[in-house]
Amino acid sequence: MGLGMWRLLCVAFAGIVLFHNGFCSSEQAPNYSFTRQATSAPSVSYYDYIIIGGGTAGCPLAATLSQNATVLLLERGGSPYGNPNITDLSAFGKALSDLSPSSPAQRFISEDGVINSRARVLGGGSCINAGFYTRAAAQYVRAAGWDGGLVNESYRWVEKVVAFRPPMKQWQSAVRDGLLEAGVSPYNGFTYDHLTGTKIGGTIFDGEGRRHTAADLLKYADAKGLTVMLHASVHKILFRIKGKKRPLAHGVVFRDASGNKHRAYLKRGSKNEIILSAGALGSPQLLMLSGIGPVDHLKAHNITVVLDQPLVGQGMSDNPMNAIFVPSPSPVEVSLIQVVGITRFGGYIEAASGENFAGGPSQMDFGMFSPKIGQLSTVPPKQRSPEALAQAIKAMEALEPTVFRGGFILEKIMGPISTGHLELKNKNPNDNPSVTFNYFKDPQDLARCVDGLKVIENVIESKPFSAFRYDTLSLPLLLNMTANAPVNLLPRHANVSTSLEQFCKDTVMTIWHYHGGCQVGRVVDSEYRVLGVDALRVVDGSTFNYSPGTNPQATVMMLGRYMGVNILKERFESLKTT
């Protein structure tokens, strides 16, 4: 292999494609009679429950509550249906690369310098992710204090609609067998369960390559009990304070796409509630905008204080992702994440592969490491511009197709232990807050990353994987080639292969699993009620202390269903006693 090809491979690491070999037409929108644009909303309305955020938790929660109550679901984005950039596996990455105001993905850059994205669409993060589906560990369920039987029932309720078994071809099979040779055992076959060892997980892409999302769970809803408002941006939760021992949430203010203001209030009833499901950024942000948060921070933004709660926005975490690109001398199938190695030291090993099957430069897109979705930083932050980004994309589109032949093996650490915080930048709920994740601040996180990279090295050197690696590419060369890929805004160090710790720090990326900000025991109680106020809960990933399993989306959807059932039980018990 010549030096020129080596350089091309170094550049191409940022352009691994995760495309399906073929085109899938976008799915027809379900006949959801309860979904409408917020511009059609009355100026004032009343419901038993108001859910803020129609995402991964909000949709199953709304569907469940609608069975026995009137529910208003407010989603700041639009519908995922009819949008092939969301529905088609072949278009993965395009939604993330869309920076327009109408995009289902809203980019943000953490103060750590890592580019990330938050959902802005009905169905939430399940509309813009890589589709991996796996449950939380049994130990996680016990630690959360959840009812194991109801948890399993709730998972199955979700899986009937959105979960599928992925195809397993040569490259993914080689990774699986390489993990087993590397000692990540036993082999647990295909399962949704979180079990130590190597397994094949689920996917939310069906056999035809169509994505199924949390929005599909609205098929369970009672149309008579549910109203879904799209492009409804909630600006504030309203509280009654006078004559109350504790602030009582009783309404919300939201604006439609035209900027018109609407108010929705809770009907009279002791069990009626407002439920925040706006995600790990949106829920703590909206609590602060509504007057619940650190008093000095709220006053600095001229926000009337409802409750001094210094822990809102604290405990923010994002699971760091690090990967090694492996160029292949043989063609590889196109695959999203299908295999996972769940190690005993707290690291998760996953893999994806593919090359560009698009028909021409105008259609080319490069998947998880694409400059189009922000996983590229060839220039310092102040010099980043649309022009620089366009130039990088153009350069990658000019590369030979063989440069993209290969795949990557990545690792994510359990937890993580390292935490940061979230703060407001301004009072506009549509703007991103400021968030710091403090990747690898805790030395145990860094040690787990190093251990994970060692497992990846063993997989690459394994006999089952031998057909998919060049003998001339040593592991130090692969590490340095990977580190040369401009995947974040962080400074570079020479010859990172001599220090796996430095490699972890230099090549850290997001895997879009950020969480925290409204954690159980700090901001909400074990039933997800906001501490210090009444008639307000938070049900989403902002309540997690650690990210569940190797991918949180299954558990977030489960939690929406689980809490919906529990809330209705409380409602029923209340009616029996009155």
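Remark: Ala163 engages Tyr133, Glu159, Tyr192 in a side-chain contact (heavy atoms from CB on, under 4.5 Å) (not counting sequence neighbours). Scanning for side-chain contact (heavy atoms from CB on, under 4.5 Å) contacts around Ser117 gives Leu96, Ala105, Ile128, Trp512, with sequence neighbours left out.
A donor-acceptor pair under 3.5 Å is formed between the side chain of Arg120 and the backbone N or O of Ser103. Of the possible polar contacts, none joining the Asn85 side chain to the Ala95 backbone as a donor-acceptor pair under 3.5 Å is found. Between the side chain of Thr510 and the main chain of Asn116, no donor-acceptor pair closer than 3.5 Å is present. Checked by atom type and distance alone, the side chain of Glu75 pairs as donor or acceptor with a backbone atom of Val121 at under 3.5 Å. The backbone N or O of Ser353 sits nowhere less than 3.5 Å from a side-chain atom of Glu333 that would complete a donor-acceptor pair.
Atoms CG and OH, on Asn319 and Tyr546 in that order, are 11.5 Å from each other to the nearest 0.5 Å. Separating the CZ atom in Phe325 from the CD1 atom in Ile409 is a distance of 11.5 Å, to the nearest 0.5 Å. The CG atom of Asn432 sits 5.0 Å away from atom CZ of Arg118, with the distance rounded to the nearest 0.5 Å. Considering CG of Asn322 and CZ of Phe440, their distance stands at 4.5 Å, rounded to 0.5 Å. Atom CD of Gln553 and atom NE2 of His513 lie 8.0 Å apart (nearest 0.5 Å). How far OG1 of Thr196 is from CZ of Arg344: 5.5 Å, rounded to the nearest 0.5 Å.
With a 4.5 Å cut-off on side-chain heavy atoms, Cys504 and Leu453 count as touching. Within the 4.5 Å cutoff, no side-chain heavy atoms of Gln502 are placed close to those of Leu500. Side-chain contact between Phe408 and Val326 is absent, with no heavy atoms from C-beta onward closer than 4.5 Å.
The aromatic rings of Phe108 and Tyr514 lie perpendicular to each other, with more than 60° between the two planes, well past the 30° mark. Relative ring orientation between Phe164 and His212 is described as tilted, the plane-to-plane angle lying within the 30° to 60° band.
Across all their heavy atoms, Thr191 and Lys199 have their closest contact at O-NZ, 3.2 Å.
Among Leu446, Asp445, Asn438, the one residue that satisfies the side chain to side chain contact (heavy atoms under 4.5 Å, CB included) test with Asp442 is Asp445.
For the 3.5 Å distance criterion, the side chains of Gln172 and Ser335 qualify, holding a donor opposite an acceptor. Looking only at atom types and distance, the side chain of Arg211 has a donor-acceptor partner in the side chain of Asn129 under 3.5 Å away.
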